[in-house]
2 protein chains.
Amino acid sequence: MTYENLDAKLVNALLGDGRASLRSLAEELDVSVTTVSNHLSDLEEEGVIEGYTPRLDYDAVGYDVTAVIQLQVEGNALPDITDTLRDHRQMISVYEVTGDYDVIAIGKFKDTDGMNDQIKELLTDPDIKASNTSVVLNAVSENEQFELDVEDT
Amino acid sequence: MTYENLDAKLVNALLGDGRASLRSLAEELDVSVTTVSNHLSDLEEEGVIEGYTPRLDYDAVGYDVTAVIQLQVEGNALPDITDTLRDHRQMISVYEVTGDYDVIAIGKFKDTDGMNDQIKELLTDPDIKASNTSVVLNAVSENEQFELDVEDT
DNA sequence: TACAGTTGATGACGTACGAAAATCTCGATG
DNA sequence: CATCGAGATTTTCGTACGTCATCAACTGTA
């Protein structure tokens, strides 16, 4: 195993509270502060932990509409399209995928008008052969990060 | 005005570093530590900030496959299906949507075999009328949280 | 040898609290 | 009717105190 049990527990503890102090983590995991500090540094260096962010409720700040946009794209234009999408800051996730469509993107908008405007603008690109937009009625769960397995000894 | 502005700046600063200290935030925004503390508490109480998490690279811990699963569901079974999906911890996001399908879910798996097993298990539910799975070839961006608008005076 | 823990020293950190400043409220006044 | 201003409310600030993170040198252990 590339990462140890303690690392998994550490990650899981941080998933519960990303601003927890090293001391509280040390107490929770029953190891020393030094150990927590060392392992955390390692996890960050290895890239397992890429950073820390607040979890925002975009609904609460006026972004009420979420949409899933699927695109069929001319093969050689795929990089351009994905770059364009990524640079739209309201695009939360952009995936190149197998299946009926080539790209699936998830975006957040202040209202349906704003959404329509942005999507229409995107679809002017002649390399987009087909598109399909699904508006989210209810986000049952969103961007949930699940806990890592801890093999108990 | 000034009030909302400070909150937006505060959120944006935290998006840059979710573990930034109140002092460093205070310095960056040129207000006192107390002010940062108060506004942060308010943002948390209002639900704008729902918590703090590390951003995990699931690739780095062995979850190499991401899939977008779309389902057509018998109308009255929708709550059951979404509950089931949400309770699958590997489901990152579960949306009820308009369009050809009723549910779009995004999940992460250790390998394609694991993915197939889980999806097949899901599809045994007789209330699922149709399904469509797209495997992610490349996550151009994922769970990006964009910064809030700051109206400059 | 490699990893975890301990100790101690130092500067940074979070929070509580009272004071100061800014803002709002609303009736009185010209 | 518009303006004023005393008092109330809200917001911000500085200070103080106990806690925390970090580093280094050292010990224990498998």
Side-chain angles (χ1 to χ4, degrees), chain A residues 1-62 145 147-153, chain B residues 1-62 145 147-153:
Chain A
M1 28 198 147
T2 49
Y3 59 94
E4 300 197 18
N5 232 358
L6 178 61
D7 290 328
K9 286 186 192 170
L10 194 47
V11 167
N12 293 345
L14 282 169
L15 284 172
D17 178 7
R19 277 176 82 84
S21 71
L22 301 192
R23 280 181 143 72
S24 62
L25 293 169
E27 195 174 347
E28 186 176 343
L29 305 182
D30 203 31
V31 295
S32 73
V33 174
T34 311
T35 303
V36 170
S37 177
N38 289 339
H39 280 253
L40 203 47
S41 300
D42 290 347
L43 286 168
E44 289 167 3
E45 273 180 23
E46 292 164 13
V48 174
I49 296 177
E50 296 177 318
Y52 303 86
T53 61
R55 292 193 302 113
L56 295 188
D57 180 351
Y58 280 98
D59 253 32
V61 291
Q145 293 192 109
E147 299 199 345
L148 302 182
D149 290 322
V150 176
E151 309 115 26
D152 37 21
T153 43
Chain B
M1 270 235 307
T2 311
Y3 153 80
E4 281 223 18
N5 236 355
L6 178 60
D7 287 339
K9 285 185 193 170
L10 193 48
V11 166
N12 292 345
L14 282 170
L15 284 172
D17 177 9
R19 273 178 85 85
S21 72
L22 301 190
R23 280 182 154 75
S24 64
L25 293 169
E27 195 174 349
E28 185 177 343
L29 305 181
D30 204 30
V31 294
S32 74
V33 174
T34 312
T35 301
V36 171
S37 177
N38 289 341
H39 280 253
L40 206 46
S41 300
D42 291 348
L43 286 168
E44 290 166 4
E45 274 180 23
E46 292 164 13
V48 174
I49 295 177
E50 297 178 318
Y52 303 87
T53 62
R55 292 192 301 114
L56 295 188
D57 180 350
Y58 281 98
D59 255 31
V61 291
Q145 293 192 109
E147 299 199 346
L148 303 181
D149 291 321
V150 176
E151 313 117 23
D152 38 19
T153 46

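Just so we're on the same page: letters track the sequence lines, and every chain starts at 1.
- In this structure a side-chain-to-backbone donor-acceptor pair under 3.5 Å is missing from B:E28 to B:K9.
- The side-chain contact (heavy atoms from CB on, under 4.5 Å) test with B:L6 singles out one residue from B:L29, B:V36, B:D30, and that residue is B:L29.
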* Structure fact -> Expected string for nucleotides 15-30 of chain D under the B/S/- scheme (protein heavy atoms, under 4.0 Å, primed atoms plus P, OP1, OP2 as sugar-phosphate) is -----SBB--------
Without placing hydrogens or testing angles, list every side-chain donor-acceptor pair under 3.5 Å for residues 13-26 of chain B, not counting sequence neighbours.
| from | atom 1 | to | atom 2 | distance (Å) |
| --- | --- | --- | --- | --- |
| B:D17 | OD1 | B:R19 | N | 2.9 |
| B:D17 | OD1 | B:A20 | N | 3.4 |
| B:R19 | NH1 | A:G18 | O | 2.7 |
| B:R19 | NH1 | A:A20 | O | 3.1 |
| B:R19 | NH2 | A:A20 | O | 2.9 |
| B:S21 | OG | B:S24 | N | 3.1 |
| B:S21 | OG | B:S24 | OG | 3.2 |
| B:S24 | OG | B:S21 | N | 3.3 |
| B:S24 | OG | B:S21 | O | 2.9 |

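- Contact between the side-chain N/O atoms of A:H39 and the OP1/OP2 oxygens of C:dC3 is not found at any separation under 4.0 Å.
- Atom pair B:E27:CD and C:dA12:P shows a separation of 11 Å (rounding to whole Å applied).
- If you check every strand for non-hydrogen atoms under 4.0 Å, A:N38 touches nothing.
- Put simply, CG on B:L10 is 14 Å from C1' on D:dT12, counting in whole angstrom units.
- What you find for B:A60 and A:G47 is that their closest heavy atoms are CB-O, 4.4 Å.
- Between the CG atom of B:L25 and the C1' atom of D:dC13 there is a distance of 17 Å, given to the nearest Å.
- In this structure, CG of A:D42 is placed 14 Å from P of C:dA2, rounded to the nearest angstrom.
- Under the 3.5 Å distance criterion, the side-chain polar atoms of A:Q145 are matched with a main-chain donor or acceptor of B:P54.
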* Before giving the answer on side-chain contact (heavy atoms from CB on, under 4.5 Å), spell out for A:L43 and A:V11 the whole-Å C-alpha distance, their side-chain angles and the decisive distance to 0.1 Å. => CA-CA 9 Å; A:L43 286 168; A:V11 167; 3.9 Å; yes
